[in-house]
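Because only heavy atoms are used, hydrogens play no part in the values below, and waters and symmetry mates are left out as well, while side chains stay in. Quick caveat: nothing in here was measured; it's all calculated off a predicted structure. Starting from 1, each residue takes its place in the sequence as its number.
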Amino acid sequence: MGGQVTAVSRSEQYAFSKPNRPFITLLAGLGVEGDVHAGKTIRHQFRMTYEPDLPNLRQVHLMHEELFDELALKGFDVSAGRLGENITTGGVDLLGLPTGALLRLGEEAVLEVTGLRNPCAKINDFRTGLLGEVFALDPGSGEFTFKSGVMAVVRSGGTVRAGDPVEIELPPLPHSPLERV
């Protein structure tokens with residue numbers, strides 16, 4: 001079971017969108033080389049003001065390109081890197097992965113999925129009404145739905161490019177569902 005990388009992105013500064021790149025380099029225990037969110041401790045601009053010493057479980061942001069097709073049907077023009085992700089995938093059910101799943105990207109890189117991206121209100125600054133499409137409360141179950149990708153930490157570094165395969169290795173049973181990080 002697997003898919004492929006369809007785009008890679010990084011930004012040296014805090015900005016909502018990240019420009020696409022020909023490749024990114026993943027650094028074990030840190031994240032994407034040259035990306036503002038790389039680091040051993042929290043690099044999220046808001047959270048690091050009150051939790052600066054917590055481990056960075058959000059070193060790499062991955063998003064499934066199938067979300068862009070779903071959003072286009074609702075009138076939103078979104079493409080790779082525009083929602084701040086580092087790695088865009090195709091053919092990978094990122095949201096269905098359990099916590100601790102390993103993603104092997106290209107020849108060397110290995111990511112460990114840590115949880116769901118908790119989308120912030122800045123998404124509505126990018127496209128009005130978009131937050132409601134990627135984050136919603138199910139009135140029947142009372143459960144939240146998070147569609148804006150998953151977060152991961154880098155276990156083994158390496159170079160990642162569009163077109164690289166994504167291989168999935170599930171952790172031992174029982175699996176723990178993804179929660180927001």
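Looking at R58, its side chain does come within 3.5 Å of a backbone N or O of V181 through a donor-acceptor pair. Between the side chain of E33 and the backbone N or O of T25, no donor-acceptor pair lies under 3.5 Å. For T88 (side chain) and A80 (main-chain N/O), no donor-acceptor pair under 3.5 Å exists by modelled atom type. Proximity of a side-chain donor or acceptor of D164 to a complementary backbone N or O of V5 within less than 3.5 Å is not detected. Under the 3.5 Å distance criterion, the side-chain polar atoms of H61 are matched with a main-chain donor or acceptor of S148. With hydrogens and angles ignored, the 3.5 Å screen pairs no side-chain donor or acceptor of N86 with any backbone N or O of R10.
When hydrophobic clusters are built by joining Ile, Leu, Val, Met, Phe, Trp and Tyr residues whose side-chain heavy atoms come closer than 4.5 Å, directly or via intermediates, V32 is not grouped with F23. Note: the hydrophobic cluster containing F68 also contains I123 (ILVMFWY, side chain heavy atoms under 4.5 Å, direct or indirect links). Cluster membership check: L97 shares its hydrophobic cluster with F146, using side-chain heavy-atom separations under 4.5 Å among Ile, Leu, Val, Met, Phe, Trp and Tyr. In this structure, I168 is a member of the same hydrophobic cluster as L105, with clusters built from ILVMFWY side-chain heavy atoms closer than 4.5 Å. Hydrophobic clustering, with ILVMFWY side chains joined whenever heavy atoms are under 4.5 angstrom apart, keeps M151 apart from L54.
Interatomic distance, NE2 of H37 versus CZ of R43, reported as 9.0 Å (0.5 Å rounding). Distance check: L178 CG to T99 OG1 gives 4.5 Å after rounding to the nearest 0.5 Å. Here E112 contributes atom CD and E169 contributes atom CD; the two are 10.5 Å apart, rounded to the nearest 0.5 Å. Here R104 contributes atom CZ and R155 contributes atom CZ; the two are 12.0 Å apart, rounded to the nearest 0.5 Å.
Annotation for K40 and G29: closest pair CG-O, 3.7 Å, computed over non-hydrogen atoms. Here the closest heavy-atom approach between residue Q59 and residue V154 is recorded as OE1-N, 2.9 Å. The shortest non-hydrogen separation linking A109 to V160 is CB-CG2, 3.9 Å. Annotation for L95 and H64: closest pair CD1-CE1, 3.7 Å, computed over non-hydrogen atoms. Across T41 and D53, no two heavy atoms sit closer than the pair CG2-O, 3.9 Å.
The pair E12-R21 meets the salt-bridge criterion, since a charged nitrogen lies less than 4.0 angstrom from a carboxylate oxygen. A salt bridge is absent between R117 and E85; no separation between the charged side-chain nitrogens and carboxylate oxygens falls under 4.0 Å.
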What pairs of donor and acceptor atoms, side-chain ones from residues 126-136 against any protein atom, are under 3.5 angstrom apart with sequence neighbours left out?
unit_1, atom_1, unit_2, atom_2, d
R127, NE, D77, O, 3.3
R127, NH2, D77, O, 3.2
E133, OE1, K74, NZ, 2.9

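In this view, T6 and E65 satisfy the side chain to side chain donor-acceptor pair (under 3.5 Å) rule, not counting sequence neighbours. Shown here are the side chain to side chain donor-acceptor pair (under 3.5 Å) partners of T89, two or more places apart in sequence or in another chain: there are none.
Proximity of I87 to L111: side-chain heavy atoms (C-beta onward) are separated by under 4.5 Å at one or more points.
In this structure, a donor-acceptor pair under 3.5 Å is present between the side chains of S9 and N20.
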